[in-house]
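Everything numeric here is computed off the predicted structure, so don't read it as measured data. Order of the sequence lines sets the chain letters (A, B, ...), proteins ahead of strands, with each chain counted from 1.
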Protein chains: 2
Amino acid sequence: MTEPMPLILVVDDELPIRRFLRATLQDDYRTVEAGTGAEALSLARQYNPDAVLLDLGLPDLDGLEVVGKLRSWTQAPIVVVSARGREADKIAALDGGADDYLTKPFGAGELLARLRVALRHAARLPDAQEVFEFGDTRIDLLFRTVTRAGEPVHLTPHEYKLLVTLVQHAGKVVTHNLLLKQVWGPGASGQTHYLRVYMAQLRAKLEVDSARPRHLITEPGVGYRLRP
Amino acid sequence: MTEPMPLILVVDDELPIRRFLRATLQDDYRTVEAGTGAEALSLARQYNPDAVLLDLGLPDLDGLEVVGKLRSWTQAPIVVVSARGREADKIAALDGGADDYLTKPFGAGELLARLRVALRHAARLPDAQEVFEFGDTRIDLLFRTVTRAGEPVHLTPHEYKLLVTLVQHAGKVVTHNLLLKQVWGPGASGQTHYLRVYMAQLRAKLEVDSARPRHLITEPGVGYRLRP
DNA sequence: TGTGATCCTGACGCCTTCTTGACGACTTGC
DNA sequence: GCAAGTCGTCAAGAAGGCGTCAGGATCACA
């Protein structure tokens with residue numbers, strides 16, 4: 001019994017290039033193809049591919065936006081392929097969540113090698129948990145929903161990001177700086193006041209007794225911890 | 001409390017390039033530099049860097065060999081930097097265990113962005129468990145928790161740092177000055193009174209009979225020692 | 001342009017933590 | 001035995017971190 005070939009989502013609006021990519025990949029991978037950003041996002045949801053090969057120049061959405069949307073719910077490696085070779089483009093894509101950036105023209109061999117690297121990285125990851133529970137609270141990373149005792153809880157974007165960061169380090173202490181960096185971006189370091197305000201809001205929404213939190217724990221002088 | 005900057009091992013035999021890389025990295029990272037393959041391997045063992053920036057053209061060893069040797073014992077990301085731009089070189093390096101491949105000349109911004117990607121990947125890897133035990137006390141450095149007979153013990157930041165410093169030299173005597181430097185930072189040297197107060201607090205929390213400590217041992221005139 | 005949600009910011013009081021000092025016990029060298 | 005230095009203990013005041021609340025700015029969207 002052999003493993004099924006990994007599935008690659010190929011996103012490019014130009015048919016000839018898609019054909020080239022398909023030919024390059026076909027010996028080692030199964031492929032799904034999208035010609036627009038919207039299609040890419042929808043197919044990604046549908047097929048949950050092992051990796052995404054993404055051309056930045058799409059007719060409908062900005063490529064960076066696609067990267068961001070994908071990253072918000074999947075850790076699958078994203079290899080960007082682009083005619084734009086400007087350094088600023090590369091930096092924006094890589095910092096936006098892409099895992100590699102290839103400038104056209106490139107060789108088929110290099111593409112395959114970089115794809116192997118990306119898949120090698122992904123294989124080392126622990127299976128991403130999509131649902132996390134503590135107390136009567138349930139967080140679904142895939143659908144971006146939070147429920148308490150079955151009832152949906154509305155969280156603002158910042159509240160949600162903060163909670164996700166804590167979930168991703170469940171049980172561990174997460175330092176003030178890491179939380180700030182993850183939620184407010186670099187440059188917010190030192191603004192621990194944000195954390196105080198937002199942790200209070202999370203507690204009000206998720207803790208039975210927000211004055212005596214059982215899961216969203218303060219580690220004085222260090223950070224916060226989500227106790228499962 | 002801020003996290004320490006990641007440590008990058010920079011390997012290149014040409015001094016001007018090393019200088020360029022050093023200048024590029026210095027705002028965000030600490031660096032260690034090697035000029036030969038042998039030196040690189042030795043320094044990697046010694047410092048266990050968070051990432052390696054490796055030029056393939058080394059005087060003694062083949063760059064690929066260095067990649068292979070590093071990969072045999074560490075998962076730290078390796079970003080190859082090379083004047084050789086041939087596709088076969090890239091493929092060989094990437095398949096040999098490198099995580100990225102930059103062809104000279106490249107921009108400082110792109111290098112930094114790709115390094116961030118590499119470190120981002122490394123950060124997602126499951127951390128090695130770091131647990132230390134003595135008596136009925138258990139210290140989990142990864143989770144930053146201390147338990148006694150299963151019950152969590154609350155330590156203040158200074159108490160915890162002090163304990164960690166002792167744990168890191170378990171069994172050995174740690175001098176007053178080293179403890180003070182690690183916990184209170186440089187400039188606290190000579191303030192041994194701090195140690196007296198905080199050791200007392202640690203003993204009260206962790207020793208069965210704090211008047212007759214069995215693990216947190218005083219070495220008169222020298223320092224303290226953690227007896228496992 | 002208006003409306004509502006979200007975010008930022010400041011003020012305040014509480015509480016933990018840190019620092020500092022005083023004092024007695026103990027050890028060491030004279 | 002005495003003096004000097006080190007160590008442990010206790011406690012009180014200072015400093016800073018934390019939670020809370022609310023007003024106002026900002027943003028998204030219609």
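Rounded to whole Å, atom C1' of D/dG5 lies 16 Å from atom CG of B/Leu195. The interatomic distance linking A/Gln201 (CD) with D/dC18 (C1') rounds to 15 Å, in whole Å. Between B/Ile217 atom CD1 and D/dC7 atom C1' the separation is 14 Å, expressed in whole Å. The separation between A/Leu202 atom CG and D/dT20 atom P is 12 Å, rounded to whole Å. Rounded to an integer number of Å, the gap from A/Glu207 CD to D/dT20 P is 11 Å. Atom-to-atom, OH of B/Tyr198 to P of D/dC10 comes out at 16 Å; the value is rounded to the nearest Å. In this structure, B/His193 places its NE2 atom 12 Å from C1' of D/dT6, rounding to the nearest Å. Remark: P of D/dA15 and OH of B/Tyr194 are 13 Å apart, rounded to the nearest angstrom.
Contact check on A/Asp12 versus A/Arg19 returns no salt bridge, with no Lys/Arg side-chain nitrogen under 4.0 Å from an Asp/Glu carboxylate oxygen.
When heavy atoms are screened at a 4.0 angstrom cut-off, B/Tyr224 is found touching the sugar-phosphate backbone but no base atom. Residue contacts shown for A/Thr218 are limited to sugar-phosphate atoms, with no base heavy atom under 4.0 Å away.
When atom types are taken as modelled, the side chain of A/Asp13 and the backbone of A/Thr36 share no donor-acceptor pair closer than 3.5 angstrom.
Considering only the side chain of B/His176, D/dC7 comes nearest among D/dC18, D/dC7, D/dG8.
One finds no side-chain N or O of B/Arg196 lying less than 4.0 angstrom from the OP1 or OP2 phosphate oxygen of D/dG8. For B/Arg203, a side-chain nitrogen or oxygen approaches OP1 or OP2 of D/dG8 to under 4.0 Å.
Inter-residue side-chain proximity for A/Leu15 and A/Arg18 is flagged as met; some heavy-atom pair is nearer than 4.5 Å. Counting heavy atoms from C-beta outward, A/His176 and A/Leu195 have side chains that approach closer than 4.5 Å.
Using a 4.0 Å cutoff to heavy atoms of chain B, the contacted part of DNA chain C runs 5' to 3' from C/dT17 to C/dA22.
The one candidate from B/Glu130, B/Glu151, B/Glu133 that meets the salt bridge (charged side-chain N to carboxylate O under 4.0 Å, His left out) condition with B/Arg138 is B/Glu133.
Using modelled atom types and a 3.5 Å distance limit, the side chains of A/Thr175 and B/Arg144 yield no donor-acceptor pair.
Enclosure of atom NZ in A/Lys181 is not indicated, since only 12 or fewer non-hydrogen atoms of other residues, nucleotides or ligands lie within 6.0 angstrom.
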